[in-house]
A.B. asks: 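This is the structure, below, for whatever I ask next.
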Amino acid sequence: VYRIDKASKTKVPTVPELQRNCTPGRRVVEPSTSRPGWTSVEQEYICNGVSYTVQCFVSPTGAVTRDCQGPPKGGGG
């Protein structure tokens, strides 16, 4: 399953592809501002000069992951 970035019409790598094929960059871990009691974790991956960020919200029962293009922004999401 591939996602397409609508602005540039390019394929957005999946999380396993980022982890396998790209270089990890900055990691931001902080309390979530949108989900009280949860932790926001943003991991940057750099692929061919393009920065992608995987953001997880971590709770005691698991994590929800979504892909975001660009460098980690911080702010707890």
Side-chain angles (χ1 to χ4, degrees):
V1 174
Y2 296 111
R3 292 180 25 173
I4 303 296
D5 177 40
K6 293 178 182 176
S8 66
K9 300 198 185 312
T10 58
K11 175 189 164 297
V12 176
T14 64
V15 173
E17 288 174 330
L18 292 170
Q19 293 171 331
R20 183 176 55 249
N21 302 324
C22 303
T23 304
R26 294 182 296 158
R27 182 176 175 93
V28 177
V29 179
E30 59 193 351
S32 172
T33 57
S34 62
R35 298 175 185 216
W38 292 45
T39 301
S40 171
V41 180
E42 295 181 55
Q43 176 63 58
E44 177 184 44
Y45 292 94
I46 302 166
C47 308
N48 300 319
V50 178
S51 177
Y52 297 91
T53 300
V54 175
Q55 181 178 28
C56 297
F57 293 101
V58 182
S59 76
T61 60
V64 178
T65 303
R66 61 186 171 100
D67 305 347
C68 307
Q69 189 170 357
K73 296 172 184 67

A.B. asks: Any chance you could measure T23, atom OG1, to L18, atom CG, to the nearest 0.5 Å?
C.D. replies: 11.0 Å

A.B. asks: Looking at CD of Q43 and CD of Q55, how far apart are the two atoms once the value is rounded to the nearest 0.5 Å?
C.D. replies: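 Between atom CD of Q43 and atom CD of Q55 there are 12.0 Å.
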
A.B. asks: If you define the side chain from C-beta out and look only at heavy atoms, does anything of P13 sit under 4.5 Å from Y45?
C.D. replies: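 They are not in contact (no side-chain heavy atoms under 4.5 Å apart), so the answer is no.
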
A.B. asks: Provide the full list of disulfide (SG to SG under 2.5 Å) pairs with a residue in residues 10-52, sequence neighbours left out, each pair given once.
C.D. replies: C22-C47

A.B. asks: Given side-chain hydrogen bond (donor to acceptor under 3.5 Å, both in side chains), test T53 with E42 step by step and report yes or no.
C.D. replies: CA-CA 6 Å; T53 300; E42 295 181 55; 5.0 Å; no

A.B. asks: Can you hop from V29 to V58 via hydrophobic side chains spaced under 4.5 Å?
C.D. replies: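 As far as the 4.5 Å side-chain criterion goes, V58 and V29 are connected within one cluster.
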
